[in-house]
Amino acid sequence: MERTLSRDIASHIGKEILIKGWLHKKRLLGGLTFINVRDRAGLVQVLIENKDETEKLRGMQIGTVLEITGSVVAEERAPGGAEIHDPTVTVTTPVTDEPPIEIDKPISHKSEHLDTLFEHRVVGLRNLQEQKIFKIRADLTRYIREFLHENEFVEIDTPKLLSGATEGGAEVFEVKYFDQTAILAQSPQFYKQIMVGVFERVYEIGHSYRAEPSATSRHLTELTMLDIEMGFVESHQEVMDTVADMTKRALRRVYDEHAADLKSLQAPELVLNDSVPAFTIAEIHEMYTNATKTDTTDEKDLIPDEERWIAEHARKQLGSDLVYAVDFPKVAGKFYHKFKDDGTVAWGDLLFRGLEIATVPLRENNYEKMIEQMTAAGLDVTHDGFKYYLQAFKYGLPMHGGCGFGIDRLVQKTIGLNNVKEATLFPRDINRLGP
RNA sequence: GGGCUCGUGGUGUAGUGGCCUAACAUGCCUCCCUGUCACGGAGGAGAUCGCCGGUUCAAAUCCGGUCGGGCCCGCCA
């Protein structure tokens with residue numbers, strides 16, 4: 001007999017079917033036993049009246065793998081309006097150990113319980129609410145991929161093992177690489193720029209590694225980045241518009257196609273406008289300083305509280321969960337940035353619900369200027385980490401820009417989770433390397 | 001790296017000097033229960049209160065150290 005999935009049983013009323021799945025919940029009412037079986041499509045309720053069949057489940061814990069044949073009966077008292085009667089139960093993989101956490105009830109996401117959440121992640125992810133987070137995540141990245149595909153971006157994969165530090169600043173992980181020391185990539189930036197010289201438009205969704213000793217609710221040591229780079233752009237605005245369009249489309253679609261799941265996860269209402277409002281860093285400093293009497297005008301970047309403040313402002317005054325912070329001061333610029341005539345950097349940060357989810361800069365594409373800016377930054381342009389990178393410029397790169405976009409943070413803020421780790425299957429942070 | 005904060009059965013909590021021979025909920029085990037869906041009822045097992053040391057007649061509770069979490073700041077391609 002062919003397997004039927006839980007979501008399809010209502011179309012098999014009166015028929016004998018086979019279901020396969022995990023024991024998710026048992027309720028013994030004397031002569032009646034109800035069990036819920038979980039498969040990839042959800043839950044199905046089975047009514048067991050035969051004592052011999054019930055006895056097969058004695059001692060079997062949640063997670064036991066089952067095959068059940070029985071007849072489908074329309075029953076309005078059953079969830080979904082149908083259930084399986086007169087079943088024959090086969091335990092294919094017995095589980096006799098009690099799970100360390102209860103998975104048939106919502107699992108606490110309070111910050112003080114996150115350690116328990118992740119320690120028991122392997123079984124905890126079987127909880128239906130937890131699964132929703134990662135189905136939403138999978139579809140968000142699928143929508144993004146579809147947008148990029150439609151706009152002729154080519155998906156690429158670039159190395160994560162690199163030959164040595166490429167830039168001062170961020171901490172890197174060193175790994176033993178035979179008789180050399182390699183580092184784990186903090187970003188695919190150099191490679192995606194190189195690939196602009198090949199395909200014009202490229203993107204990668206992959207892991208980046210940062211050895212920052214950051215213990216905050218928004219940092220991971222292994223994060224999933226969407227990196228986009230596009231050539232032949234006319235302006236920084238064009239890049240920012242592309243990233244904004246992609247983000248808005250993915251968000252609108254996920255709110256449309258996952259409405260029920262987002263509601264059950266208590267995600268905030270999505271508030272989007274036709275355009276994404278933009279403020280310069282200087283404007284935000286001034287507005288924030290006036291509003292809070294905390295002077296930030298000398299900061300080179302936004303402080304976390306300013307990110308939250310401007311997001312609140314954009315949501316309430318301008319009807320947008322997304323907002324751009326643009327025109328970073330020169331001191332914040334890096335050697336690969338394009339500097340504008342007024343001295344500011346052609347660089348925007350995309351904030352979503354008060355958290356930076358993407359940096360969207362325009363790159364310097366002129367070879368001589370790159371050498372100049374790198375030398376000024378004290379970098380050794382002959383180092384392997386830069387040598388090949390610079391070849392791309394030497395042999396022709398058009399004006400280009402792109403973004404580094406944090407997928408974990410996007411998922412976190414879409415659902416309204418407090419900590420980025422909750423949006424990550426098996427998070428890696430300063431204290432956690434497992435599971 | 002700095003500041004603050006928290007560690008009590010598997011899980012979540014209560015208890016903040018003696019009433020603690022550590023309580024409650026849930027999970028687990030046994031029994032009862034024919035429409036449950038956080039099923040219900042009766043009973044049971046399960047923790048030397050993170051660890052080490054100290055103060056005290058007496059420590060889960062106070063002090064010191066240590067280990068492990070969490071939040072914020074800093075840092076952050």
Side-chain angles (χ1 to χ4, degrees), chain A residues 24-36 43-51 54 58-62 73 75-80 83 85 96-120 123-124 162 165-172 185-193 208-221 223 225 227 229 299-305 308 328 332-337 345 347 349 356 358-361 363 377 385 389 402-406 409 418-419 421 429-432:
Chain A
H24 194 73
K25 184 73 185 174
K26 249 194 296 194
R27 289 186 200 91
L28 287 79
L29 285 75
L32 272 189
T33 295
F34 291 98
I35 63 169
N36 291 127
L43 296 180
V44 56
Q45 178 165 282
V46 179
L47 170 60
I48 309 174
E49 292 174 287
N50 183 324
K51 288 219 164 12
T54 305
R58 180 180 287 269
M60 292 298 119
Q61 301 292 334
I62 304 308
V73 174
E75 169 57 77
E76 58 180 39
R77 289 172 294 185
E83 64 187 8
H85 284 196
T96 52
D97 291 302
E98 179 189 348
I101 52 169
E102 294 154 54
I103 62 167
D104 62 314
K105 296 170 191 170
I107 302 173
S108 171
H109 278 242
K110 285 158 96 172
S111 58
E112 60 266 38
H113 301 157
L114 290 183
D115 199 46
T116 306
L117 180 70
F118 299 131
E119 190 57 31
H120 304 298
V123 288
L162 306 179
T166 50
E167 187 201 347
E171 299 289 326
V172 297
Q186 298 165 285
S187 152
Q189 190 191 316
F190 288 4
Y191 288 100
K192 69 179 177 174
Q193 286 187 260
S208 290
Y209 301 88
R210 299 187 182 176
E212 299 297 333
S214 300
T216 79
S217 58
R218 57 186 188 280
H219 287 94
L220 295 161
T221 50
L223 54 145
M225 294 279 289
D227 272 273
E229 206 64 30
E299 300 281 343
K300 63 172 186 172
D301 195 351
L302 300 180
I303 65 171
D305 198 48
R308 291 185 281 268
F328 278 75
K334 300 278 166 47
F335 68 86
Y336 47 78
H337 280 131
V345 190
W347 163 18
D349 269 359
E356 174 191 327
T359 62
V360 190
R363 319 291 183 187
Y389 175 54
C403 73
F405 193 116
R409 287 182 177 186
N418 290 321
N419 193 309
K421 295 167 203 167
D429 66 26
I430 188 165
N431 308 309
R432 182 169 282 283

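Fair warning: this is a prediction, and the values are worked out from it, not measured in the lab. Below, read A as the first sequence line, B as the second, and so on, with proteins coming before strands; counting in each chain starts at 1.
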Nucleotide of B:A38, B:U13, B:C73 approaching A:Arg218 most closely (side-chain heavy atoms): B:C73

For A:Glu229, which of A:Arg363, A:Gln193, A:Gln189 qualifies under side-chain hydrogen bond (donor to acceptor under 3.5 Å, both in side chains)? A:Arg363

With the side chain defined as heavy atoms from C-beta on, A:Thr216 is closest, among B:U26, B:C76, B:G74, to B:G74

Using a 3.5 Å distance criterion without hydrogens, assess whether the side chain of A:Arg409 forms a donor-acceptor pair with backbone atoms of A:Glu356. yes

Report the residue (A:Gly404 or A:Asp115) whose heavy-atom-nearest nucleotide on RNA chain B is the more 5′ of the two. A:Asp115

Interatomic distance at P, B:G69 relative to B:U30, whole Å: 37 Å

Which residues pass the ring-ring contact (aromatic ring centres under 6.0 Å, His included) test with A:Tyr191, not counting sequence neighbours? none

Quick check for you: among B:A38, B:G70, B:U11, whose closest atom lies nearest to any side-chain atom of A:Thr116? B:U11

With sequence neighbours left out, the residues meeting ring-ring contact (aromatic ring centres under 6.0 Å, His included) with A:Phe328 are A:Trp347

Classify every nucleotide of nucleotides 28-36 of chain B by which part a protein heavy atom approaches to under 4.0 Å, writing B for the base, S for the sugar-phosphate alone and - for neither, in 5'-to-3' order. SSSS-BBBB

Sorted by chain and number, sequence neighbours left out, side chain to side chain contact (heavy atoms under 4.5 Å, CB included) with A:Glu119 holds for A:Arg432

Using a heavy-atom cut-off of under 4.0 Å over every strand shown, decide if A:Ser217 touches base, sugar-phosphate, or nothing. sugar-phosphate

When you measure from the side-chain N and O atoms of A:His113 to the phosphate of B:G69, is any distance below 4.0 Å, counting only OP1 and OP2? no

Please enumerate all residues that pass side chain to side chain contact (heavy atoms under 4.5 Å, CB included) together with A:Pro106, with sequence neighbours excluded. none

Distance, rounded to the nearest Å, where A:Glu102 contributes CD and B:G9 contributes C1': 13 Å

Where RNA chain B forms runs of at least three Watson-Crick or G-U pairs (i with j, i+1 with j-1, under 3.5 Å), the stems are B:1-7 with B:67-73, B:10-13 with B:23-26, B:28-32 with B:40-44, B:50-54 with B:62-66

Just to confirm, is there a sub-4.0 Å distance from OP1 or OP2 of B:G12 to any side-chain nitrogen or oxygen of A:Lys110? no

